Amino acid sequence: MAAACAPRRRVAVSDVAFQRCISPDCGETYALDDARVACGRCGELLDVAYRWNQAPTPKSLKDFEAKWARRSDPLCFSGVWRFREMLPFAPPGKIVTVGEGQTLLQQSDVAAKYIGVNGGRLYLQYEGMNPSGSFKDNGMSAAFTHAHMIGAERAACASTGNTSASLAMYCSVTGLMRAVIFVGSGKIAYGKLSQALEFGALTVQILGDFDDAMARVKEVAGQLGIYLVNSVNPFRLEGQKTIMFRVLEALAWQPPDWIVVPGGNLGNSSAFGKAFVELKELGLIDRIPRLAVINAVGANTLYELYEKRGLRWNGGRPDATIIDGYHRELDQAKRKADTIASAIEINRPVNLKKCLRALDACDGVVREVDDQQILDAKAKVGAGGFGCEPASAASVAGAKRLREEGVIGADERVVCILTGHQLKDPTATVAYHSADQEMFNNILGKRGVRRASFANRAVVVPNELDEIIKAIRLYG
Ligand code: F0G
């Protein structure tokens, strides 16, 4: 019989994928079905690692285009799983998809002008178009699949809102698991809280912020044997790699010059770095884009450590005294994260070390932007027609800063990741555009926001036809 007709050798996923400690001094490995979020030997983060020579990898990124013709197959339709050869840890029968990752790379000349790059050079990756309205669905689909593979019955997370909305959605759509979510009190935008509540998650609101909730959920999940889906879970990051595959896909597989992403718990930036390193290792790209991670001023741990105190990946041995010293300072000053961009209101990013590795691999930079810059950038993105939540606009505000500094060149191709949908946090948007000074002060003024330079105010008119027509003639 001709070789072409012979059945392809089936390889068990456990022969291909395993987990490995990120520390080069440890490097301990764990089986695929081990549910853990830290190395049992040294406590460091874990990676999902692959024996690529055991799995069928594409010869060229163009090979993925064959999937476009097979959109009726849910695994080809999904913007995560159509790239499953790049995250080969799940047997197809166990993969959980709800159609995540149907997102757009949109060229935006409004944003290009605002940032100061040439027309046609600025792109916005609209991750708000995911089923639960944020990029989290990419990673959740992967972590949820792993949880399903190992037979988990409950899954938990701490969240500034989007992770919990995503987990709650996967649980309620599939009925496979019960969601337990931890949120800080008063710290989560209503759009996100409303999702978790309506999707039926057990919602534990603790008196504290995200950093407190994160520390607690790790304890609770460990004690009760609940599967943890925060981005300390290495499988989450495997799903988030696909955001970069879709960016490349939309650019005809040509890497841009810059990827600019907001930084909170630093899962995305870590995943993006891993994606590019793997693509390069496999010979699928010849150049890695530069990475810019943007903190909010009120939650700027990465900026402080990387740009001010010189912390570096250093071949896998970052200087722990710098990190510990900074954490001690935060504790002594009782400093809590505080920004209108509540999604990234995080002072102790769990993926710090993986992010340092990504910055190293991608010749990265870190910047901080204040709430005024975030909201002005957000208004500009919205004026371009799609809209995003405040944390997402940090990427655009950060790109503007980097352009002003001359770090980003006017003719470079820049992709800003818009991580969450505009409707996630309508409070910030309405306060910015409102003519109600009291509302502005209560919500934005107390955070140092002074102006709404790009506000589109509602026109208030008496309920009289002549007055309405007059107003439309005047402003229309
Ligand atoms: N943008 C949005 C809209 C987010 O929800 C988050 C994180 C980030 C950016 C930061 O991404 O953690 O990968 O650096 N939200 C998490 C949550 C923390 O709980 O929903 P990161």
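These figures come from a predicted structure and were not determined experimentally. When a ligand or atom number is given, it counts from 1 through the structure's own listing order. Numbers for residues simply follow the sequence, beginning at 1.
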Residue, atom name and distance, where the atom is the protein heavy atom closest to [atom]:
atom                    : answer
atom 13 (O) of ligand 1 : Asn268 N, 2.8 Å
atom 2 (C) of ligand 1  : Thr419 OG1, 3.3 Å
atom 8 (C) of ligand 1  : Ile344 CG2, 3.6 Å
atom 4 (C) of ligand 1  : Ala343 CB, 3.4 Å
atom 5 (O) of ligand 1  : Asn162 ND2, 2.8 Å

Hey, is ligand 1 close enough to [X] that some N/O pair sits below 3.5 Å?
X      : answer
Asn265 : yes
Lys136 : yes
Gln240 : no
Gly264 : yes
Thr163 : yes
Thr160 : yes
Gly420 : no
Glu389 : no
Phe135 : no

task: Determine whether more than 12 heavy atoms belonging to other residues, nucleotides or ligands lie under 6.0 Å from atom CD of Glu219.
output: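 Buried by this count: over 12 neighbours within 6.0 Å.
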
- prompt: Is it the case that more than 12 heavy atoms not belonging to Leu224 sit under 6.0 Å from its CG atom?
  reply: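 Check passes, neighbour count above 12.
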
Under a 3.5 Å cutoff, is there a donor and acceptor pairing between the side chains of [X] and [Y]?
X      : Y      : value
Asn351 : Ser270 : no
Tyr227 : His146 : yes
Lys378 : Gln422 : no

Could you tell me which atoms of ligand 1, counted from 1 in the order shown, lie closer than 4.0 angstrom to a heavy atom of [X]?
X      : value
Ile346 : 18 (C)
Gly263 : 14 (O)
Ser159 : 17 (C), 19 (O), 20 (O)

- prompt: Which of these, Asn265, Leu45, Ile323, sits in a side chain to side chain contact (heavy atoms under 4.5 Å, CB included) with Leu352?
  reply: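 So the option named by the test is Ile323.
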
- prompt: Among Lys192, Met169, Glu100, Met140, which one satisfies side chain to side chain contact (heavy atoms under 4.5 Å, CB included) with Ser132?
  reply: Met169

message: With a 4.0 Å cut-off on heavy atoms, is Ser134 in contact with ligand 1?
response: no

- prompt: Should the pair Asp363-Arg290 be classified as a salt bridge under the 4.0 Å nitrogen-to-oxygen rule?
  reply: yes

query: Between Arg216 and Phe182, is NZ or CZ placed under 6.0 angstrom from the six-membered ring centre and within 45° of the ring axis?
result: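 Because its charged atom misses either the 6.0 Å distance or the 45° angle limit, Arg216 does not stack over Phe182.
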
message: Tell me if the aromatic rings of Phe64 and Phe245 count as close, with their centers under 6.0 Å from one another.
response: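 They do not qualify: ring centres at least 6.0 Å apart.
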
task: Report the relative orientation of the aromatic rings in Tyr126 and Phe386; use parallel for angles under 30°, tilted for 30 to 60°, perpendicular for over 60°.
output: tilted

- prompt: Where's the contact between Asn230 and ligand 1, heavy-atom distance under 4.0 Å: side chain, backbone, both or neither?
  reply: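 The answer is neither.
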
query: Given side chains that start at C-beta, do those of Leu75 and Thr97 come closer than 4.5 Å, heavy atoms only?
result: yes

